[in-house]
Number of protein chains: 2
Amino acid sequence: MATPNQRRKASVAERVYEALKEDIFEFRLIPGDKFSEGDVGTRLNASRTPVREALYRLQREGHVEVLFRSGWKVKPLDFQQMEELYELRITLEREAVHKICGLTEEPETLRALALLWNPDQPSGRASGSAVRALDESFHCELMIAAGNREMVRVHREITDRLRIVRRLDFTRDNRVEATYEEHAAILEALHQGLAHDAAERLTRHIRTSQKAVREITMERIKEAAQAHRSDSQSA
Amino acid sequence: MATPNQRRKASVAERVYEALKEDIFEFRLIPGDKFSEGDVGTRLNASRTPVREALYRLQREGHVEVLFRSGWKVKPLDFQQMEELYELRITLEREAVHKICGLTEEPETLRALALLWNPDQPSGRASGSAVRALDESFHCELMIAAGNREMVRVHREITDRLRIVRRLDFTRDNRVEATYEEHAAILEALHQGLAHDAAERLTRHIRTSQKAVREITMERIKEAAQAHRSDSQSA
DNA sequence: AGTTAGCAACTTGTATACATGTTGGTTGGC
DNA sequence: GCCAACCAACATGTATACAAGTTGCTAACT
């Protein structure tokens, strides 16, 4: 899914898709904003056909919706939905942890992760948005190590949809610190084959992050909406 | 997802999508078959645009794949993938069972299900393909009762993709009988709030069905492929 | 006969023209 | 001044024309 048609030069549809997705994630398109296929086409220098393809894809992923013959709309953030996505994510990752502990030998990946998330080496740590990406890949690697590709696929889809709020997690410095410790503890439990312990730590880790995100999200949206209004006035 | 644009008269794209999906599920399009957008368009009396929309949707659902500028192909049945989908389905439904037992009161839906799946009334039983649909809705209702819409959504997607093999389950008469008993037992455990018991019964129920399906699928595909070859010769 | 270069037919990707329904401003009536 | 009917601009849905790449056959050459 990450690869456009077999590494062929990215299609227009792919480019438009990525651009729109980023616009949405960076709040350049505020939830609730309406726009037309033509607008997007002229702005991104593409015809309506690839634009439509990109939009339908974003629709299936839950980011936009189409109003019959009256334009597209960025789907408002549904907090209940975010909570439900977190629940689903926890369910999947817990299952992954149990699967991993049922394996005959520890996957190579986990040893690599253990080096990366070593809490005794605070020197080589990433910061800011880099941590967000690393955290994502940590959880993604866990799923991959469990060996069920369909679970990986669904988990990735969830990750995509949660990213819009999840990046806010690491705007608080203590969360970076905590993330390193929590990841290390989870990996240690996995290494010792303590499935239940690992699952519980993982659950707490995700719920903590979820709580932090919940607290930050609301104000950010308000800020963005205000900035957006000023833009409209000055324009 | 089941509703085309708000019950507006079904679009051409929707019609093509349903037709193609049925063709695939009914093995009128054999896994591995290649075809072009133009073919489908003339056969179903539609232009390429809605055909493409339908195909991209089927692609995202994993039923077909596109070969760059050289046609579309019905994705070969991937048995490993089916196993993984079953695993994912079990994970979701087990979680649902635990959620249901955590509710303060038994959902109305479950009482309705208990009436439907009463094993003491073998008279009013459905048979054949009707049981397949009822079985599907049983598991779907369980997910809905648990209250997480995202889990319901993913579960429905999995159900769609497993349907192609799952309908084979009820071609054996004893499976119909067993399904009634197993469903009743699960509902009884849920009624008594025995989460662990219900989860275990549910898991066994699904695995039994999975095993039956696994046994039947291979031969059926061979049959269909043979019938297909005869068609080609006579044509 | 075997092999390879090239070309023609066919494929998807993209752009655009047309069909049809929605919406919001405008205008006429009260 | 207010309201309702209407209509023009604009939205998506669909059809079609054009661009660009793939494939497999053909034919010429070794």
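In what follows, chains are A, B, ... by sequence order, proteins preceding strands, each numbered from 1. Just so it is clear, the values below take in all heavy atoms, side chains as well, and ignore hydrogens, waters and symmetry mates.
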(request) Report the distance from atom CG of A/L44 to atom P of C/dA15, rounded to the nearest whole Å. (result) 12 Å
(request) Rounded off to whole Å, could you give me the CD-to-C1' distance for the A/E53 and C/dG13 pair? (result) 8 Å
(message) Distance check needed: D/dA20 C1' versus B/F68 CZ, whole Å only.
(response) 8 Å
(request) Carefully, step by step, assess A/D23 and A/R43 under the rule salt bridge (charged side-chain N to carboxylate O under 4.0 Å, His left out). (result) CA-CA 12 Å; A/D23 283 344; A/R43 183 163 66 84; 3.1 Å; yes
(request) Determine: side-chain N/O of B/R52 to OP1/OP2 of C/dG13, distance under 4.0 Å, yes or no. (result) yes
(request) Would you mind telling me which of B/R60, B/K75, B/K73 makes a salt bridge (Lys or Arg N to Asp or Glu O under 4.0 Å) with B/E65? (result) B/K73
(message) Just by distance, no angles: are the side chains of A/H63 and A/D160 close enough, under 3.5 Å, to form a donor-acceptor pair?
(response) no
(message) Below the 4.0 Å mark, does C/dT11 have OP1 or OP2 next to a side-chain nitrogen or oxygen of B/W72?
(response) no
(request) Please determine, for the side chain of B/A46, which listed nucleotide (D/dA15, D/dT12, C/dG13) has the closest atom? (result) D/dA15
(message) Does a side-chain N or O of B/S70 approach OP1 or OP2 of C/dT11 to a distance below 4.0 Å, or not?
(response) no
(request) Output the single nucleotide from D/dT12, D/dG21, C/dT14 whose closest atom is nearest the side chain of A/R69. (result) D/dT12
(message) Check the phosphate of D/dT12 against A/Y56, side-chain N and O only, distance under 4.0 Å to OP1 or OP2. Yes or no?
(response) no
(request) Determine, for A/F170 and A/R132, whether the Lys NZ or Arg CZ falls below 6.0 Å from the six-membered ring centre while staying within 45 degrees of the axis. (result) no
(request) Quick one: label B/T49 by what it contacts on the DNA or RNA (base, sugar-phosphate, nothing), any heavy atom closer than 4.0 Å. (result) base
(message) Taking the nucleotide of DNA chain C with the nearest heavy atom to each, does B/E37 or A/K34 sit closer to the 5' end?
(response) B/E37
(request) Would you indicate which nucleotide in D/dT14, C/dT11, C/dT14 comes nearest to any side-chain atom of B/S36? (result) C/dT11
(message) Distance criterion of 3.5 Å, no angle test: do you see the side chain of A/S11 paired donor-to-acceptor with the base of C/dT14?
(response) no
